[in-house]
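Contents: one structure, followed by commentary.
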Amino acid sequence: MAIWNLGSINIDMVYALPHMPAPGETLAATTLDQGLGGKGANMSVAGARAGAHVCHIGAVGPEGKWCVDRLMEYGVDTRHILQSESATGHAIIAVDPSGENQIILYPGANQALSEAQIGQALSSANAGDILVMQNETNMQAEAARMGRDLGLRVAYAAAPFDAAAVQAVLPYIDLLFLNEVEAAQLQQATGKAPEDLGIADVVVTLGAKGARHFDGRTGQVADIPAQKVTPVDTTGAGDTFTGYVLAALDRGMPMAQAMAQASRAGALMVTRHGAADVIPDLKEVQDAKF
Ligand code: RIB
């Protein structure tokens, strides 16, 4: 089986700051690092590191070839990443000493995808494969509809949160990933709790409190505890969790086990600086002592 990821690819510029800047404040960073990121790329790398065959569908600009090379080095199938005339997406990430972040995004090539590109990629997909999207590319609803028509298991990570974007894919998705804040925002927009929207599986991450799974078929709710770690950088931890859950489901693991493994991967991730470049592999996740 395979995971098809319609996902963003960003160049992350990470600035370590003594504190988050206040409106109007000028603040010097103590360090600057550049790396591979984007919620899509992070999920693809996490899925590949967790042992899945991940086909990334996306685009970079003329200066983004290194991002594609790096995805390939990390085990991602990059045949469906196109080169666009738009600049590669990038993210300006401020990280404070507690590991909390603030992100400014420039979408660039991530918004230059076409329905034809997605159709061509998904023509190689098989029923039962997973299709995942996040809210950093265009063509989400079109892809979700195609995925549903092809018999794929369609997953959506509602980040960065936009109520209209989630509502556009709701009719087609089988699996929804949200954090606590996004779950509350979605409830406000729809008037229904996420678990009452008729989705087969809803996963809500709860930060240091772990994660919760709502099984839309049985109505069962399961809580997965979090590992205790001292965070230095939370960037990409949620994406790592999602990629690990999907890779485990793709291998046929039950949801509770998939989430428990993903929670260990996410916990390791917050102890590292960076995004796609530092996502742990399955052995590190299994061997980690918390
Ligand atoms: O979720 C973390 C990611 O958000 C970063 O890698 C950045 O590129 C933004 O997309």
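Remember, it's 1-based here, ligands and their atoms both numbered in the order they're listed. Please read all numbers here as calculations on a predicted model, not as lab measurements.
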Within 4.0 Å of some non-hydrogen atom of Ala91, the atoms of ligand 1 are 7 (C), 8 (O)

query: Is Glu180 salt-bridged to Arg212, cutoff N-O under 4.0 Å?
result: no

One finds that the ligand 1 atoms under 4.0 Å from a non-hydrogen atom of Leu105 are 9 (C), 10 (O)

So, the side chain of Ser8 versus the backbone of Lys39: is there a donor-acceptor pair under 3.5 Å, distance only? yes

protein heavy-atom neighbour closest to atom 3 (C) of ligand 1 works out as Asn42 ND2, 3.7 Å

Quick check: does any side chain N or O of Asp129 sit under 3.5 Å from a backbone N or O of Asn126, one acting as donor and the other as acceptor? yes

Quick note on ligand 1: atoms under 4.0 Å from a heavy atom of Ile103 include exactly 4 (O)

Counting from 1 in the order shown, the ligand 1 atoms closer than 4.0 Å to a non-hydrogen atom of Ala275 are 6 (O)

For Glu136, the ligand 1 atoms with a heavy-atom partner under 4.0 Å come out as 4 (O), 9 (C), 10 (O)

The atoms of ligand 1 lying under 4.0 Å from a heavy atom of Lys39, numbered in the order shown, are 1 (O), 2 (C), 3 (C), 4 (O), 10 (O)

(Q) Against ligand 1, does Ser8 come closer than 4.0 Å with any heavy atom? (A) no

So, are Asp223 and Lys209 salt-bridged, with charged N and O less than 4.0 Å apart?
-> no

message: Taking Asp277 first and then Arg272, would you say they form a salt bridge - that is, a charged N and a carboxylate O separated by under 4.0 Å?
response: no

Validate the cation-pi geometry between Arg49 and Tyr74: distance from NZ or CZ to the six-membered ring centre under 6.0 Å, angle to the ring axis within 45°.
yes

Worksheet item: Looking at ligand 1, does any of its N/O atoms fall within less than 3.5 Å of an N/O of Thr235?
Response: no

Is any side-chain heavy atom of Ser263 less than 4.5 Å from a side-chain heavy atom of Gln227?
yes

Taking only non-hydrogen atoms of Asp239 and a 4.0 Å limit, the atoms of ligand 1 in range are 1 (O), 2 (C), 3 (C)

Notebook entry, point to check: Ion pair present between Asp77 and Arg79, side-chain N to carboxylate O less than 4.0 angstrom?
Noted result: yes

closest protein heavy atom to atom 6 (O) of ligand 1 is Asp12 OD2, 2.6 Å

Atoms of ligand 1 under 4.0 Å from any heavy atom of Gly37, numbered from 1 in the order shown, are 6 (O), 8 (O)

